[in-house]
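Single-structure report; data block below.
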Amino acid sequence: MSRYDPAVIEPEWQKAWEKAGCFTARHDPARPKYYVLEMFPYPSGRIHIGHVRNYTMGDVVARYKSSCGYSVLHPMGWDAFGMPAENAAMERGGHPKDWTYGNIADMRAQMKPLGLSIDWGREFATCDPEYYGQQQAMFIDMMEKGLVYRKNAVVNWDPVDMTVLANEQVIDGKGWRSGADVERRELTQWFFRISDFSEELLDALDGLKDWPEKVRLMQANWIGKSRGLQFAFDTIGAPDGFGKIEVYTTRPDTLMGASFVGISPDHPLAKALEAKDPDLAAFLAECRKGGTTEEAIETAEKLGRDTGIRVKHPLDPTWELPVWIANFILMDYGTGAIFGSAAHDQRDLDFARKYDLPVIDTFLSLDGPTPVVDKAFLPPKSEKVKWINHFAGLDVATGDEAIEATIDFAEKQGWGQGVTKFRLRDWGVSRQRYWGCPIPVVHCATCGVVPEKKANLPVELPYDVSFDQPGNPLDRHPTWRNVPCPNCGAPAKRETDTMDTFVDSSWYFARFTAPHAKTPTDKAEVDYWMNVDQYIGGIEHAILHLLYSRFFARAMQICGHLPKKAIEPFNALFTQGMVTHETYATRGKDGRPVWHTPDDVIRTSEGATLKDGTPVEIGPVIKMSKSKKNVVDPMDIIARYGADTARWFVMSDSPPERDVEWTAAGADATQKHLARVWRLASEIAEGGDPAQDLALVKAAHRAIADVTAGIEGFAFNKAVAKLYEFTNSFAKSGATAETKRAAMRILAQLMSPMVPHLAEDVWKIAGGEGLVVTAPWPKADPAMLAEDNVTLPIQINGKRRAEISVPKDMPASEVEKIVLADEAVAKALAGAAPKKLIVVPGRIVNVVL
RNA sequence: GCCCGGGUGGCGGAAUGGUAGACGCAGAGGUCUCAAACACCUCCGGUGCAAGCCGUGCGGGUUCGAGUCCCGCCCCGGGCACCA
């Protein structure tokens, strides 16, 4: 062999690893374990460059930890339920199950050539009945523990297709297929009681030291703990049963600025009024148009309607406030009713101006007290402000102080209580769709809602379904629904809702420890392998997936499926940035965008066109997604250059936590570098200069220290830069052959987590014993890292003007003498003494004139 | 709208409050070659003959010293509970 040939060596080394069983996870009590997990993929059918980046990162960690002596678990599976399979069946025919398993086979075939150190023996898909049957068993356990219940909740309803839409399927308030105006409609749905754990999930964030601060902050904000005042307004002219309207506010201190009471369109009072007032019913129907997302509701035009009902101000019974229905008030948060304090809340102010309601200042800024006009005055709650006529007798105080004083005042007078509330809502898991885990319950006319017997699990999805009409095929299946009641045996009906796919991904990490156990987990295995030591995935999962998994770990612990130590299942989290790309669109007949893949687009200096010359709009650079088609296929890079080039390339350029915009340039250069290393290893000539040995040995130890630190710190791009530096030192070195071979073996080891196939070849060429994958990680000798002299830059008034070289630990007083004697410094001083001389040992000197 | 990030040469990026631009890509020049490819060497933020001056999205501030800390903006991205 005379050149670097990845097409030949990569399959050979993969065979060698497989033969040696290098990546089989072994439950070995004698060794420390390390569980590294990358978020498992949705089987779309093609791997994209984001997958390559994600799995290479995990692989670097897995291979490194293995070299350090750990027993490593590094599994892979498929997040296989979800809408795209049903969409494919609707668009192209075929069955979601066939489509999904076909995609899994395709993607596995694309991943294997990457040479990842995955224990493929543990692979499973969430759509395997073996997996979702255990999920159903846990659902039943959770029902028994009171963690599951049913209640009404709103969904996106397409009135033309008569079906529930996902948020993604609502575009500008219209159904994606029918184009009809979407409505919010209530449906009875299944929920997990995640909100019972609000306080606990919030408090436990403090213990997650190895999670990114931003993720903890996002979760804390999502849980949204707030302290406020809850009280009731007495009503005038309200229907029977609505003598009081309960409100919750986090700014009770602004009560003297109240100008109206607002209730949600979904508030019981609104519904009671609607029944007798067709006009109001029409208004509420208008309010219910559009999607269910918080974004859609909050950015919709603010609409209101005076109900004619009045309430009495709690501090002044003669002061009456109007009750309005307002479309921006959410029924899910607080009590679904607020008082509007227009001077100190922008939304309330906009609303008040639109409907000509009073705007009353309750406090003013200490510097320049100007009344509010069209911008609400919202200083930080920690800032002191001047109060106008505060009922608790405050004059100058902060918002925080005023809030506490107000709550105390209300509690003493007995008309309100201080209350802690959370923004976090219970987790709605019902989906009116086929391709998901069936909820294992039966509806019986006499027994009510009854869980299926565990012996009857899994409740398998029927295969004989069609997707030629909208809606859930389970609903219209002729026989599947008909089952005897597990309780009384009478004919009964199965639940046809399936579970949110977030349920599937909330415990897969535990299942990997014993993927074929007859119970959700196996005690001995889960005890040994949990927790996940390093979890790696996209920042887009910072809130929902990770929060749901944290909840599920608690629920599993309560049901006896996880040990207490796994209550926080992910010890360390790394959130990689997304791989982004420009988007390309043409316009359909109805003006909606039709997306095109980069492969179908020709980029020119002025813009872009399709291959037939049709002009294409270039859209924003956003995360690669199937729906926008801005995805790039890494398979051609692997086919052309080999897996090591692809692996090195995705690790080398961008810091892993940051987004990276994919460009094809650079793969050539990567392969040149790898070929250069291979050549340097092959061409080590006998002879050489022993006097140059020490410098090369020192460079090797410096590289060990820097690359190890880079991998430990998830700074793979910096580790790669250090490997380039070491390679350059090696190429220039005239050291003896023996020293060069030893240095090359170190280089092979340091490169092996990133480019494992090349590393094996180089290791062998340089005389390494056995496989580099099983060689212990090298250790840097501190004596080889020490430097005797340091270069000190000299600044004059903060600008670099000269530099000196001094022994590393020279005392500051000695350094000062040398600095003052320096030509540039003497010239600048012109005989005068410096005003100040700052010496930062080993770092810098600053002369202040 | 709300919450969270990010913004540094032509490009990807580096920099415990201490020499801004490590390392790589692209580019320019050269050596080798009949020529090319490969490989190797040199240069490479802007401006200026030079000394120097300017320069980390914009505007202020703190500091002997700010890409880094503080205040106010702008732009881009992620999430917003049924995309996964």
Side-chain angles (χ1 to χ4, degrees), chain A residues 39 41-42 44 79 81-84 155-156 164-170 189 194 212-215 217-222 224 291-300 302 328 332 346-347 423-433 500-502 504-505 538-545 547-548 575 577-578 580 620-623 625-627 652-655 657-661 663 665-666 668-670 672-673 675-676 679 715 717-718 720-725 728 731 791-795 797-803 834-838 840 842-849:
Chain A
M39 290 180 185
Y42 179 80
S44 61
D79 189 12
F81 276 134
M83 285 202 312
V155 295
N156 300 305
V164 176
L165 299 179
N167 287 331
E168 189 188 51
Q169 299 170 322
V170 178
Q189 311 232 62
I194 187 173
E213 184 58 39
K214 64 176 171 184
V215 174
L217 188 58
M218 279 191 263
Q219 293 214 353
N221 288 339
W222 186 261
T292 57
T293 66
E294 201 172 298
E295 185 193 2
I297 292 164
E298 292 209 20
T299 54
K302 286 171 191 60
F328 61 88
D332 288 315
Q346 192 61 46
R347 276 189 313 195
R423 203 184 78 100
L424 181 64
R425 310 200 294 259
D426 277 334
W427 174 9
V429 296
S430 284
R431 297 292 181 270
Q432 293 71 42
R433 271 183 261 287
D500 178 8
T501 56
F502 273 123
D504 312 334
S505 56
I539 183 65
E540 68 271 28
H541 295 293
I543 296 175
L544 292 179
H545 162 61
L547 191 61
Y548 290 152
T575 52
M578 278 161 296
T580 60
V621 177
I622 56 171
K623 87 166 165 169
S625 82
K626 267 204 76 141
S627 62
S652 62
D653 269 353
S654 284
E657 69 279 6
R658 210 182 294 185
D659 289 353
V660 55
E661 185 183 352
T663 55
D668 272 321
T670 296
K672 271 187 204 171
H673 174 73
R676 180 175 183 231
R679 208 171 48 244
N717 56 324
K718 284 186 252 175
V720 166
K722 297 300 180 185
L723 286 166
Y724 272 111
E725 278 181 20
N728 289 337
T791 303
L792 283 187
I794 300 174
Q795 293 183 333
N797 282 346
K799 303 236 179 222
R800 186 185 161 281
R801 285 290 182 267
E803 64 180 35
K835 200 188 276 177
K836 216 169 180 183
L837 188 56
I838 293 153
V840 184
R843 273 287 177 194
I844 204 165
V845 180
N846 193 6
V847 184
V848 185
L849 300 182

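Values below: every heavy atom of this structure, side chains too, minus hydrogens, waters and symmetry copies. Please read all numbers here as calculations on a predicted model, not as lab measurements.
For the P atoms, the distance linking B:G12 with B:C3 amounts to 30 Å, nearest Å. Look at the C1' atom in both B:U56 and B:G21: the space between them is 9 Å, to the nearest Å. Between B:C11 and B:G45, the two C1' atoms lie 13 Å apart (nearest whole Å). To the nearest whole angstrom, the two C1' atoms, one in B:G61 and one in B:G17, are 16 Å apart. Remark: the separation of the C1' atoms in B:C69 and B:U62 is 8 Å, to the nearest Å. Comparing the C1' positions of B:A22 and B:A15 gives an interatomic distance of 8 Å, to the nearest angstrom. Distance noted for atom P between B:U16 and B:U68: 13 Å (whole Å). Straight-line distance between the C1' atoms of B:A66 and B:A20: roughly 11 Å, to the nearest whole Å.
Among the nucleotides B:A39, B:U19, B:G5, the one closest to any side-chain atom of A:Q795 is B:U19. In this structure, the nucleotide among B:A84, B:C4, B:C64 sitting nearest to the side chain of A:I838 is B:C64. Of the candidate nucleotides B:A84, B:C2, B:C83, B:C2 has the atom lying nearest to any side-chain atom of A:E298. Side-chain proximity of A:Y42 to the nucleotides B:A84, B:G1, B:G13 is greatest for B:A84. Closest to the side chain of A:R800, from the set B:A22, B:C80, B:A20, is B:A20. Counting only heavy atoms from C-beta on, A:M83 has its side chain closest to B:C83 among B:G5, B:C83, B:A14. Taking the side chain of A:N167 as heavy atoms from C-beta on, and the options B:U19, B:C23, B:A81, the nearest nucleotide is B:A81. Taking every side-chain heavy atom of A:D79 into account, B:A84 is the closest of B:C83, B:C25, B:A84. In the set B:C23, B:C54, B:G13, the nucleotide with an atom closest to the side chain of A:R658 is B:G13. Nearest to the side chain of A:I543, among B:U19, B:G79, B:G13, sits B:G79.
Note on A:F328: nothing from the nucleic acid sits closer than 4.0 angstrom, heavy atoms only. No engagement by A:S44 is indicated, since no non-hydrogen atom pair under 4.0 Å with the nucleic acid exists. Residue A:N797 is classed as having no contact, given no heavy-atom separation below 4.0 Å to the nucleic acid. Heavy atoms of A:P655 sit under 4.0 angstrom from primed sugar atoms or phosphate atoms, though from no base atom. Residue contacts shown for A:V155 include a base, since a base heavy atom lies under 4.0 Å away. As judged by a 4.0 angstrom heavy-atom cut-off over every strand, A:Q432 is placed among the base-contacting residues. In this structure, A:L837 reaches neither bases nor backbone, as no heavy-atom distance under 4.0 Å exists between it and the strands shown. At the heavy-atom level, A:G224 lies nowhere under 4.0 Å from the strands shown. A:E213 comes within 4.0 angstrom of no nucleic acid atom, judged by non-hydrogen atoms across all strands. Across all strands, A:R347 comes closer than 4.0 Å to no nucleic acid atom at all (heavy-atom distances). Looking at heavy-atom distances under 4.0 Å, A:V720 makes no contact with the nucleic acid at all.
Note that OG1 of A:T670 and CG of A:D653 are 7.0 Å apart. Values are rounded to the nearest 0.5 Å. Taken from CZ in A:F502 to NE2 in A:H545, the straight-line distance is 8.0 Å, to the nearest 0.5 Å. Separating the CG atom in A:L424 from the CG atom in A:D332 is a distance of 11.5 Å, to the nearest 0.5 Å. Separation of atoms NZ (A:K799) and CG (A:N846) is listed at 11.5 Å; rounding is to 0.5 Å. A distance of 9.0 Å separates OG1 of A:T501 from OH of A:Y42, quoted to the nearest 0.5 Å.
The distance from atom CG of A:D668 to atom C1' of B:A26 is 12 Å, rounded to the nearest whole Å. When rounded to the nearest whole Å, the span between OH of A:Y724 and C1' of B:A14 equals 15 Å. A:H541 places its NE2 atom 23 Å from the P atom of B:C3, with the value rounded to the nearest Å. If you take CG of A:N717 and C1' of B:U8, they are 15 Å apart, rounded to a whole angstrom. If you take CG of A:D500 and P of B:C83, they are 9 Å apart, rounded to a whole angstrom. Between the P atom of B:C4 and the CD atom of A:E540 lies a distance of 19 Å, rounded to the nearest Å. Following rounding to the nearest Å, A:K722 (NZ) and B:A14 (C1') show an atom-to-atom distance of 9 Å. A:W222 has its CH2 atom 4 Å from the C1' atom of B:A81, to the nearest Å.
Glycosidic conformation, B:G9: syn, with the torsion inside 90° of 0.
Helical stems of RNA chain B (runs of at least 3 Watson-Crick or G-U pairs, donor-acceptor distances under 3.5 Å) are listed by first residue: B:1-7 with B:74-80, B:10-12 with B:23-25, B:27-31 with B:39-43, B:45-47 with B:52-54, B:57-61 with B:69-73.
You'll find a donor-acceptor pair under 3.5 Å spanning the side chain of A:E295 and the base of B:C80, going by distance alone. Within 3.5 Å, a donor on the side chain of A:N846 pairs with an acceptor on the base of B:C64, or the reverse.
Ring planes of A:Y724 and A:H673: tilted class, angle from 30 to 60°.
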Please tabulate the protein-to-nucleotide N/O contacts below 3.5 Å involving nucleotides 47-52 of chain B, giving atom names and distances.
none

N/O contacts under 3.5 Å, protein versus nucleotides 15-17 of chain B?
from, atom 1, to, atom 2, distance (Å)
B:A15, OP1, A:K718, NZ, 2.4
B:U16, O4, A:R843, NE, 3.2

